[in-house]
Amino acid sequence: MSITGIKGMNDILPGEVETWQFLEEQARRIFGLYGFSEIRVPVVEKTELFQRSIGETTDIVEKEMYTFRDKSDNSLTLRPEGTAPVMRAFIQNKLHTRDPIAKLYYMGPMFRYERPQKGRYRQFHQIGAEVIGVEDAKIDAQVLTMLAHYFEAVGIVDVELQINSLGCPECRPGYRQALTAFLEDRLETLCEDCRRRYRTNPLRVVDCKVPGCKEATVGAPSVLDHLCGGCTEHFTRVQKHLREVGTAFSINARMVRGLDYYTKTTFEMVTGSLGSQNAVAAGGRYDGLIKDLGGPPLPGIGFAMGVERLALMKGEARIEAARPDLFLAALGEDAARYAFALMSRLQRRGLRTEMDYEGKSLKAQLRRADKLMAKRVLILGEDEMSRRQGQLRTMETSSQESVPLDGIEEFLAAAASPGP
RNA sequence: GUGGGUGUAGCUCAGUCGGUAGAGCACUGGAUUGUGGCUCCAGUUGUCGAGGGUUCGAUCCCCUUCACUCACCCCA
């Protein structure tokens with residue numbers, strides 16, 4: 001039995017990796033337009049970092065983290081998300097002393113021990129962005145606009161931006177109380193899960209998909225009605241700024257977050273085309289997090305996108321692997337030796353060049369050139385070698401011309417069309 | 001953690017009412033000596049996921065197990 005990979009941890013193979021590269025390149029490009037710089041942080045952190053930021057009682061911390069002890073008996077955890085490590089790095093490196101505003105983005109693997117299913121894996125990848133140091137609603141609108149811009153840039157149109165506000169430590173307890181009181185009378189009609197949620201996380205009940213629960217919570221109090229003055233004004237201004245710049249959105253007052261650190265604005269980019277994993281990107285404001293982690297009392301806002309989910313949506317419009325500019329088809333020892341050296345020189349000149357390494361028949365070599373979708377083939381047989389003339393075949397048109405081997409390098413390099 | 005589905009050639013799958021198995025694609029070779037894509041011909045490949053049971057005999061029936069997958073939970 002050969003050794004297999006770990007459940008829920010996937011290889012990204014040629015053919016799909018091109019899509020990933022595209023998604024990453026576009027993120028660098030778009031985020032750069034908005035003034036963001038990349039930050040790279042380790043995949044492993046002290047377990048405590050996630051316990052304190054994500055929240056002790058969240059599912060992530062309670063049962064989904066890859067936690068282990070190293071040889072010094074420190075409790076370490078494979079990062080289940082990116083915001084906490086970035087905040088830790090921000091605080092530790094005192095980035096606020098360099099610039100009162102930090103705009104950072106990151107991309108890389110995250111780890112959560114869950115049962116894998118479509119669009120959900122144990123090692124998954126996120127591209128995320130964070131802004132630290134701006135409280136104003138303009139930055140909320142800016143971050144959301146950048147997110148929408150990114151989706152446009154990568155050509156994913158089947159998505160909707162939903163926003164909500166979860167309030168702040170001032171007003172959220174009041175809402176929670178009002179909601180709990182409302183649900184108390186209807187406990188009997190709720191599903192089993194929701195009766196549990198009633199105790200653990202009542203906000204989740206209003207997000208339940210079970211028809212009975214949807215019905216039971218029709219008249220439930222809305223977060224938005226319980227926001228304090230400051231939070232209401234902030235949320236109103238976020239919407240106003242989004243309209244000013246023409247970023248489409250809808251309000252979903254029943255949207256909940258799985259991490260404890262969110263305050264005020266929260267949002268999701270949702271789609272109907274991914275089965276039950278309908279969120280392709282999600283995020284929100286976290287005004288208390290940095291202080292809670294021992295840093296300066298600075299506000300923050302950010303989001304993360306699931307790369308596997310983006311790739312699934314992009315999937316059909318697969319980005320083609322680069323085709324060779326030239327295939328060298330050589331026949332016989334001398335020609336093969338010549339072709340091998342020529343190939344090397346052409347590659348150094350920037351020409352994507354391939355050849356057959358095993359002395360196959362011309363037919364087989366052309367078949368391979370065709371399979372690789374090579375644009376042109378230079379045929380070098382014994383005749384060609386003795387006459388110092390190669391046959392240059394343009395595959396698409398099946399036309400062939402004789403070209404002198406003297407100066408062939410310059411000729412081929414000059415005539416090369418730029419690759420995709 | 002819970003529930004459903006699937007496991008047969010490299011890939012996608014068919015099949016045997018129980019007698020050790022096939023198709024398409026792919027790959028290799030050939031159809032005028034050195035010319036791809038279309039067509040035709042030929043050829044290679046499987047411990048029929050693993051272990052056990054019933055049986056004269058199981059890939060097909062029963063049990064167990066593993067893997068993959070989808071959904072719930074939760075989430076990007």
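Order of the sequence lines sets the chain letters (A, B, ...), proteins ahead of strands, with each chain counted from 1.
The CD-C1' distance, from A:Glu130 to B:A76, rounds to 13 Å in whole Å. Between the CD atom of A:Glu64 and the C1' atom of B:G1 there is a distance of 11 Å, rounded to whole Å. Taking atom CZ of A:Arg120 as the reference point, atom C1' of B:U69 lies 13 Å away to the nearest angstrom. Distance, A:Met110 CE to B:A76 P: 11 Å, rounded to whole Å. Rounded to whole Å, atom C1' of B:A67 lies 16 Å from atom CE of A:Met9. Following rounding to the nearest Å, A:Tyr121 (OH) and B:A67 (C1') show an atom-to-atom distance of 16 Å. Taking atom CG on A:Asn278 and atom C1' on B:A71, their separation rounds to 14 Å, with Å as the unit. In this structure, A:Arg122 atom CZ and B:U69 atom P are separated by 11 Å, rounded to whole Å.
The nearest heavy atom of RNA chain B to A:Lys118 and to A:Arg309 marks one nucleotide each, and the one closer to the 5' end goes with A:Lys118.
Judged purely by distance below 3.5 Å, without hydrogens or angles, the side chains of A:Thr217 and A:Arg254 pair a donor atom with an acceptor atom.
The six-membered or imidazole ring of A:Phe36 lies away from that of A:Tyr105, with a centre-to-centre distance of 6.0 Å or more.
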Can you check nucleotides 42-46 of chain B for protein contacts, nitrogen or oxygen pairs under 3.5 Å, and list what you find?
none

Hey, what are the protein-to-nucleotides 3-5 of chain B N/O distances that come in under 3.5 Å?
residue : atom : partner  : partner atom : Å
B:G3    : O6   : A:Arg115 : NH2          : 3.3

Identify all pairs in which a protein N or O lies below 3.5 Å from an N or O of nucleotides 26-35 of chain B, and state each distance.
residue : atom : partner  : partner atom : Å
B:G29   : OP2  : A:Arg367 : NH2          : 3.0
B:G34   : O6   : A:Asp383 : N            : 3.1
B:G34   : O6   : A:Asp383 : OD1          : 3.4
B:G34   : O6   : A:Asp383 : OD2          : 3.2
B:G34   : N1   : A:Glu384 : OE1          : 2.8
B:G34   : N1   : A:Glu384 : OE2          : 3.2
B:G34   : N2   : A:Glu384 : OE2          : 2.9
B:U35   : O2   : A:Arg393 : NH1          : 3.3
B:U35   : O2   : A:Gln400 : OE1          : 3.2
B:U35   : N3   : A:Gln400 : OE1          : 3.4
B:U35   : N3   : A:Gln400 : NE2          : 3.0
B:U35   : O4   : A:Gln400 : NE2          : 3.2

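Screening A:Ile39, A:Leu293, A:Leu298, A:Val41 for a side-chain contact (heavy atoms from CB on, under 4.5 Å) involving A:Phe90 leaves a single residue, A:Leu298.
Under the 3.5 Å distance criterion, the side-chain polar atoms of A:Gln26 are left unmatched by any main-chain donor or acceptor of A:Leu23. The closest donor-acceptor contact from the side chain of A:Thr266 to the backbone of A:Gly284 lies at 3.5 Å or more, if one exists at all.
A close approach under 4.0 Å does occur between a side-chain nitrogen or oxygen of A:Lys7 and OP1 or OP2 of B:C68.
Of all the residues in residues 140-158 of chain A, not one reaches under 4.0 Å from RNA chain B with any non-hydrogen atom.
Annotation: ring pair (Phe, Tyr, Trp, His ring centres under 6.0 Å) contacts of A:Tyr175 (sequence neighbours excluded): A:His226.
Taking the six-membered ring where tryptophan is involved, the planes of A:His149 and A:Tyr34 are perpendicular, since the angle between them exceeds 60° and thus also 30°. The aromatic rings of A:Tyr66 and A:Tyr113 sit perpendicular, their planes meeting at an angle over 60°, well past the 30° parallel limit.
Residue-level contact check: A:Gly283 touches neither bases nor backbone, having no heavy atom under 4.0 Å from any strand.
In RNA chain B, runs of at least 3 stacked Watson-Crick or G-U pairs (N1-N3 plus N6-O4 or O6-N4, or N1-O2 plus O6-N3, all under 3.5 Å) give these stems: B:1-7 with B:66-72, B:10-13 with B:22-25, B:27-31 with B:39-43, B:49-53 with B:61-65.
A gap of 27 Å separates the C1' atoms of B:U33 and B:U44, to the nearest Å. Of the P atoms belonging to B:G10 and B:C62, the separation is 28 Å, rounded to the nearest Å.
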